[in-house]
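Scope of the values below: all heavy atoms of this structure, side chains included, with no hydrogens, waters or symmetry mates. Since the model is a prediction, treat every value here as computed from it, not as a measurement. A note on names: the letters A, B, ... follow the listed sequences, proteins ahead of strands, and every chain is numbered from 1.
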Amino acid sequence: MSTVSLTITNTLTGRKEPFETIEPGKVKMYVCGPTVYAEAHIGHAMSAMVFDIIRRYLEYRGYQVIHAQNFTDVDDKIIVRASELGISPDRLAEDMIQEWMAQTAILNVKPATIYPRATQEIDTIQNLIEKLISTGHAYHVPGSDVFYRVTSFEDYGKLSHRKLDDMLAGSRIYVDPNKEHPMDFVLWKAAKEGEPAWESPWGPGRPGWHIECSAMIQRHLGGQIDIHGGGSDLVFPHHENEISQSESINCGRGLARYWVHNGMLQLSGEKMSKSEGNFVTIRELLDMGGGEIFRFMVLGSHYRSPLAFGQETYDAARRGLERLIGTVRDLDRRDVPGERPDHPLADEVDDVRSRFESAMDDDFNTPVALAALFDLARSINRESEPTPAVRYAQAALQDLAGVLGLRLREPEPRTSDSGPYVDLLVQVRDELRAARQFELADRIRDRLSALGVSVEDSSEGARWRWNA
RNA sequence: GGCGCCGUAGCCAAGUGGUAAGGCAGGAGUCUGCAAAACUCUGAUCGGCGGUUCGAAUCCGCCCGGCGCCUCCA
């Protein structure tokens, strides 16, 4: 095993802690996925990317990562929305899941190891609830729901660092009179006429939101996990409730060693959210060709901080990313020397890699890791000839960027079949330039630019690329 | 009302005790037929006030401003 000194900020303790896995070399990571009732927005994409980056780095560090990401595929909002659309809740959920899978693939998010769904965990969920009732941690109100009894768990509030008493003060507008305590939450929700329902000892109904995660973790990852992740908006009540459910019947073993939460994506100063209606969908982002640009934005600030999405920051990210792409543009992996060249650039690579690793070891400090990559890019660009040392450094740059999930490829052309014609125009223009027909050559360049093609001249002839 | 986070150059953003990484934008150069790209040079004393310290962006207190959670939410 390598002597890794990785540290992670743990929401549970509020501190940065050395990362130690339960099993050597193996990481069990569970990340809360979306409730699939509507198109996902880029806040969801951000969260998926953050944990993708964490996963990639853990794998880079030699860990085997078992990554589970759930889908909440039964819930009030799904039912409401499906009925608005005139389709079944199943259908809606399935469509949204397929879309999520396709979009995260384009965003270069590595597929999770397993994708559990609430509706496929009903047995486990019911068993858990039964156990919670029999141990006095939950109660069934006949004709109503099954609730978790928050006062039965003395650690309630330990994740979000609040006390039950403090939460009551300015809290809810409406409290279900069936609850013993206002903070008690639903484990099993009785179905109304026409709603999706499963038979249970407490009547037909469906699982409450929080219980599915406890069940999935127990069934798919078996007991305690290393990392539990999600957006910071899930700390309370979702993750707090998960802890109480799982730990109250697990004899005090911690559900997860490290609780990791990403900051919220903001749009015009406020949290991006479906219910608030201020959001940019992943589809819109991808239509702009902004998948990798967005990842670059995410990498540009620490994952725990809020990130503001806006045209200015988007453009800045695009330009920065273009610089890195330009640095490895002409790289052909076949030209990369197998041996480390004896050259100052190779020393620079060593130095950059070491800075990259220290940064990532320090609670996944991606802004600092990126800074190291930009320094390497500058050193590479300083070289005028594509020597083996340059190829070596370019490959290293691309590899390290790859650990962050950046592909560093040229943007794809929108019209894929026009390439040969652009080639032709650029060649003709080269000949015009050779004949010193600059006026005509400039006009071609201007016209191509208007069509989204950048032409760059050099002593070896012109090259062109699609603008992002 | 309770809990927590944040406020660093025009913009984004690292940095938690020893005199401020990186990116974008801007300015001046080099290269180029011109441009683009690239390269070189170029900018901040860290929201305000007070305190601790030999020394603070970094610790403490107060104030101002912003955000998140306390209700479904990545």
Side-chain angles (χ1 to χ4, degrees), chain A residues 11 14 16 31-35 37 40-51 69 72 75-77 157 160-163 165-175 183 209 229-238 240 261-266 269-276 279 296-297 299-302 304-308 310 312-324 326-327 329 355 359 362 365-375 377-384 433 436-439 441-442 445-446 449 454-459 462-465:
Chain A
T11 305
K16 214 183 271 186
V31 181
C32 285
T35 301
Y37 74 96
H41 60 64
I42 57 179
H44 302 107
M46 175 191 178
S47 189
M49 279 179 177
V50 162
F51 290 98
Q69 188 242 97
T72 301
D75 135 291
D76 292 0
K77 280 178 301 203
S160 52
H161 306 108
R162 39 189 108 184
K163 301 185 186 75
D165 296 340
D166 293 340
M167 285 186 263
L168 298 181
S171 74
R172 63 203 59 214
I173 303 129
Y174 167 78
V175 177
M183 298 308 291
W209 176 35
S232 61
D233 54 352
L234 297 183
V235 174
F236 190 90
H238 186 53
E240 193 70 63
H261 295 97
N262 64 275
M264 294 293 100
L265 188 65
Q266 307 197 326
E270 295 203 327
K271 174 183 157 189
M272 186 172 289
S273 91
K274 281 191 266 195
S275 51
E276 295 299 319
F279 56 84
F296 188 90
M297 289 179 71
L299 290 165
S301 82
H302 191 88
R304 305 185 72 241
S305 306
L307 174 66
E312 200 175 354
T313 48
Y314 179 86
D315 289 339
R318 180 172 54 74
R319 299 297 303 275
L321 179 62
E322 276 171 3
R323 197 138 102 76
L324 292 182
T327 304
R329 185 183 298 156
R355 285 164 58 204
D362 183 15
N365 193 332
T366 52
V368 172
L370 267 190
L373 297 190
F374 272 103
D375 286 342
R378 168 162 287 116
S379 299
I380 292 170
N381 288 144
R382 258 200 285 257
E383 302 291 323
S384 47
R433 287 183 62 239
R436 306 194 66 80
Q437 304 253 17
F438 295 124
E439 198 179 318
D442 287 351
R445 184 174 59 197
D446 290 345
S449 172
S454 301
V455 180
E456 296 173 14
D457 297 323
S458 77
S459 50
R463 70 175 153 204
W464 65 273
R465 62 194 166 93

- Message: Side chain of S275(A), heavy atoms from C-beta onward: which of C39(B), C69(B), C72(B) has the nearest atom to it?
- Response: C72(B)
- Task: Kindly indicate whether the side chain of R323(A), heavy atoms from C-beta on, has any atom under 4.5 Å from the side chain of R378(A).
- Result: yes
- For each nucleotide in nucleotides 23-28 of chain B, reading 5' to 3', give B when a protein heavy atom comes within less than 4.0 Å of its base, S when such contact involves only the sugar-phosphate, and - otherwise. SSS---
- Message: Between C24(B) and A9(B), how many Å separate the two C1' atoms, rounded to a whole number?
- Response: 13 Å
- Nearest listed nucleotide, side chain of M46(A), among C72(B), C39(B), A74(B): A74(B)
- Measure from the side chain of C32(A), starting at C-beta and using heavy atoms only, and say which of A35(B), G33(B), A74(B) lies closest. A74(B)
- Message: Once you apply a heavy-atom cut-off of 4.0 Å, does L234(A) come out as touching a base, just sugar-phosphate, or nothing?
- Response: sugar-phosphate
- Task: Grab the CD-P distance between E240(A) and G68(B) for me, whole Å please.
- Result: 21 Å
- In terms of side-chain heavy atoms of F236(A), which of A74(B), G33(B), C70(B) is nearest? C70(B)
- At under 4.0 Å, does any side-chain N or O of S305(A) touch on OP1 or OP2 of A14(B)? yes
- Using whole Å, report how far NZ of K16(A) lies from P of U16(B). 7 Å
- Which whole-number value in Å describes the distance from R304(A) CZ to A14(B) C1'? 15 Å
- Message: Given C34(B), A14(B), G68(B), identify the nucleotide with an atom nearest to the side chain of K271(A).
- Response: G68(B)
- For M272(A), answer base if it contacts any base atom (sugar-phosphate contacts may also be present), sugar-phosphate if it contacts only those atoms, and nothing otherwise; contact means non-hydrogen atoms under 4.0 Å. base
- Taking a pair to mean Watson-Crick or G-U wobble geometry with both distances below 3.5 Å, U45(B) pairs with none
- Which of U71(B), A14(B), C12(B) is nearest the side chain of M183(A)? It is U71(B)
- Message: If I pick the P atom on A57(B) and the same atom on G51(B), what distance separates them, to the nearest angstrom?
- Response: 15 Å
- Task: Determine whether any donor atom in the side chain of R162(A) lies under 3.5 Å from an acceptor atom in the base of G4(B), or the reverse, and answer yes or no.
- Result: no
- Message: Base, sugar-phosphate or nothing for R382(A)? Non-hydrogen atoms, less than 4.0 Å.
- Response: sugar-phosphate
- For the side chain of F438(A), starting at C-beta, report the closest nucleotide among A74(B), G33(B), A13(B). G33(B)
- Is the shortest side-chain N/O distance from N365(A) to OP1 or OP2 of G15(B) below 4.0 Å? yes
- Query: Please give, in whole Å, the distance from A21(B) P to L299(A) CG?
  - Reply: 22 Å
- Look at all strands and tell whether N262(A) reaches a base, only sugar-phosphate, or nothing, counting heavy atoms closer than 4.0 Å. base
- Query: How would you label the contact of T327(A) with the nucleic acid (heavy atoms, under 4.0 Å): base, sugar-phosphate, or nothing?
  - Reply: nothing
- Using a 4.0 Å heavy-atom cut-off across all strands, classify H302(A) as base, sugar-phosphate, or nothing. sugar-phosphate
- Which part of the nucleic acid, if any, lies within reach of V50(A) when heavy atoms closer than 4.0 Å are counted: base, sugar-phosphate only, or nothing? nothing
- Task: Check whether any side-chain N or O of E240(A) sits under 3.5 Å from a backbone N or O of G157(A) as a donor-acceptor pair, and report yes or no.
- Result: yes
- Rounded to whole angstrom units, what separation is found between the CZ atom of R355(A) and the C1' atom of G15(B)? 14 Å
- Query: S301(A) side chain: which of A74(B), C39(B), A13(B) is closest?
  - Reply: A13(B)
- Message: Categorize Q266(A) for me: base, sugar-phosphate, or nothing, with a 4.0 angstrom heavy-atom threshold over every strand shown.
- Response: sugar-phosphate
- Message: What's G269(A) touching, base or sugar-phosphate or nothing? Going by heavy atoms closer than 4.0 Å.
- Response: sugar-phosphate
- Is a donor-acceptor contact shorter than 3.5 angstrom present between the side chain of D457(A) and the base of C34(B)? yes
- Mind checking the P distance from U45(B) to U58(B)? Whole angstroms is fine. 15 Å
- Between P of A37(B) and CG of L324(A), the distance in whole Å: 15 Å
- Task: Remember a base hit wins even if backbone is also touched, and classify G157(A) as base, sugar-phosphate or nothing at under 4.0 Å, heavy atoms.
- Result: nothing
- Message: Between P on C69(B) and NE2 on H261(A), what's the gap in Å once rounded to a whole number?
- Response: 13 Å
- Item | Any donor-acceptor N/O pair, T366(A) side chain to L299(A) backbone, under 3.5 Å | yes
- Note on the structure: With the side chain defined as heavy atoms from C-beta on, P367(A) is closest, among A13(B), C34(B), G22(B), to A13(B)
- Classify the nucleic acid contact of L265(A) as base, sugar-phosphate or nothing, counting any heavy atom under 4.0 Å across all strands shown. base
- Message: Rounding to an integer number of Å, can you tell me how far R329(A) CZ sits from A36(B) P?
- Response: 15 Å
- Which residues share a ring pair (Phe, Tyr, Trp, His ring centres under 6.0 Å) with H238(A), sequence neighbours left out: W209(A), H210(A)
- Task: Classify the nucleic acid contact of H161(A) as base, sugar-phosphate or nothing, counting any heavy atom under 4.0 Å across all strands shown.
- Result: sugar-phosphate
- Of all the nucleotides listed (A74(B), C12(B), A37(B)), which has the minimum atom distance to the side chain of T313(A)? C12(B)
- Message: Could you tell me if the side chain of M297(A) sits less than 4.5 Å from the side chain of M46(A), heavy atoms only?
- Response: no
